[in-house]
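Accompanying notes for the structure given below.
Just so you know, these numbers use all the heavy atoms, side chains as well, and skip hydrogens, waters and symmetry mates.
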Amino acid sequence: IALGDSAGTVEIRDALTGEPAEPPMKHSSALKEAKFTLDGRRLLTICEDYSARVWDLTQVPSKLLWQGASQIPDISPDGKRVAFPRLERIGMIHDGETGAPLTPNLCELLTNRVMDISRSPRFSRDNRWLGFADENGRVSIWNVTTLRPGPQFLAHAAGVNSLWFRPDSLVFVTVSDDNTARIWDT
């Protein structure tokens, strides 16, 4: 279990005993969210100041692999990639271990170039797809292997707050400020 506090301390605790599994990790502000990879070997932590850090949990104490700034990043289930959406219509995929950019600005690769991919990045569980959404209700799905954009469409009448893939990655759901949730085929 990953626990965070308002002072920016992140603790990993044993899920059965509640005891600390290692020394605390530090951030500069309160922890907003934490995401484990499926194998539990990596942890992405996100704080209120938009600092994001990727930790290697196979070492004690955990090793900070890299850090960056983003609104709400997502780490791929295998830990090999991190999607970093930012303001000003910039979104990139980074190497999960080194932080090196794996893509240029994804907004520049979109055919319509009107999408702001600053919300809700989400990797599919099979590491094949990456979905982005924006505050105007648009959704873009990317093939992570080819790094090419797939479908781009207006999904909602208002901003999309959340995008989640079904475990088999054949379907995803979007949730919007227009008070609707919609289900889509990949």
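When atom types are taken as modelled, the side chain of T37 and the backbone of G79 share no donor-acceptor pair closer than 3.5 angstrom. Remark: side-chain polar atoms of S6 are not paired, donor with acceptor, to backbone N or O of A30 under 3.5 angstrom. In this structure, D74 contributes its side chain and F123 its backbone to a donor-acceptor pair below 3.5 Å. The backbone N or O of A21 lies less than 3.5 Å from no partner atom in the side chain of D14, so there is not a single donor-acceptor pair. Judged by distance alone, the side chain of R13 and the main-chain N or O of G18 form a donor-acceptor pair under 3.5 Å. Under the 3.5 Å distance criterion, the side-chain polar atoms of S176 are matched with a main-chain donor or acceptor of G159.
Nearest approach of A157 to D178, heavy atoms of both residues: N-OD2, 3.0 Å. D56 and Q59 make their closest contact through OD2-NE2, 3.4 Å (heavy atoms, listed as atom of the first residue, atom of the second, distance). The minimum heavy-atom distance between L44 and A52, with the atom names listed, is CD1-CB, 4.3 Å. Across all non-hydrogen atoms, the minimal contact from L3 to I1 is CD2-CG2, 3.8 Å.
Ring geometry for H94 against W66 counts as tilted: the plane angle lies between 30° and 60°, on a 0 to 90° scale.
No side-chain heavy atom of L57 sits less than 4.5 Å from a side-chain heavy atom of R41. Side-chain atoms of R53 and I46, non-hydrogen and from C-beta on, never get closer than 4.5 Å to each other. E48 has its side chain within reach of S29: a pair of non-hydrogen atoms, C-beta onward, lies under 4.5 Å apart. Residues W129 and F165 meet the side-chain proximity criterion, which asks for heavy atoms closer than 4.5 Å. P20 is not listed as a side-chain neighbour of I12, based on a closest heavy-atom distance of 4.5 Å or more. In this structure, R125 and L38 have side chains that are in contact, with non-hydrogen atoms separated by less than 4.5 Å. The closest side-chain heavy-atom distance from I75 to V54 is below 4.5 Å. S51 places none of its side-chain heavy atoms less than 4.5 Å from the side chain of Q67.
Looking only at atom types and distance, the side chain of S62 has a donor-acceptor partner in the side chain of E22 under 3.5 Å away.
Rounded to the nearest 0.5 angstrom, L64 CG and T45 OG1 are separated by 8.0 Å. Interatomic distance, R42 CZ to T58 OG1, rounded to the nearest 0.5 Å: 7.5 Å. One distance of note links OG of S169 with CG of D126; it measures 3.0 Å at 0.5 Å rounding. Atom CG of L163 is separated from atom CD1 of I141 by 5.0 Å, given to the nearest 0.5 angstrom. Interatomic distance, CZ of R138 versus OG1 of T174, reported as 14.0 Å (0.5 Å rounding). Separation of atoms CG (N127) and OG1 (T145) is listed at 8.5 Å; rounding is to 0.5 Å.
By the rule that hydrophobic residues join a cluster once side-chain heavy atoms approach within less than 4.5 Å of another member, V144 and F132 end up as members of one cluster. Grouping the Ile, Leu, Val, Met, Phe, Trp and Tyr side chains by contacts below 4.5 angstrom, directly or via other members, places W55 apart from V82. Put simply, L65 and F36 are part of two different groups of oily side chains (I, L, V, M, F, W, Y) that touch within less than 4.5 Å, one to the next. Under a hydrophobic clustering in which Ile, Leu, Val, Met, Phe, Trp and Tyr are joined whenever their side-chain heavy atoms come within less than 4.5 Å, directly or via other members, V173 and V171 fall into the same cluster. Put simply, W184 and V160 are part of the same group of oily side chains (I, L, V, M, F, W, Y) that touch within less than 4.5 Å, one to the next.
Around atom CH2 of W164, no more than 12 heavy atoms belonging to other residues, nucleotides or ligands sit under 6.0 Å away. Other residues, nucleotides and ligands contribute over 12 non-hydrogen atoms within 6.0 Å of the CZ atom of R182. The 12-atom threshold is exceeded at NZ of K35, counting heavy atoms of other residues, nucleotides or ligands nearer than 6.0 Å.
Salt-bridge formation is detected for the pair D168/R166: a Lys NZ or Arg NE/NH1/NH2 atom is positioned less than 4.0 Å from an Asp or Glu carboxylate oxygen. In summary, E97 and K80 do not engage in a salt bridge, as defined by a charged side-chain N under 4.0 Å from a carboxylate O.
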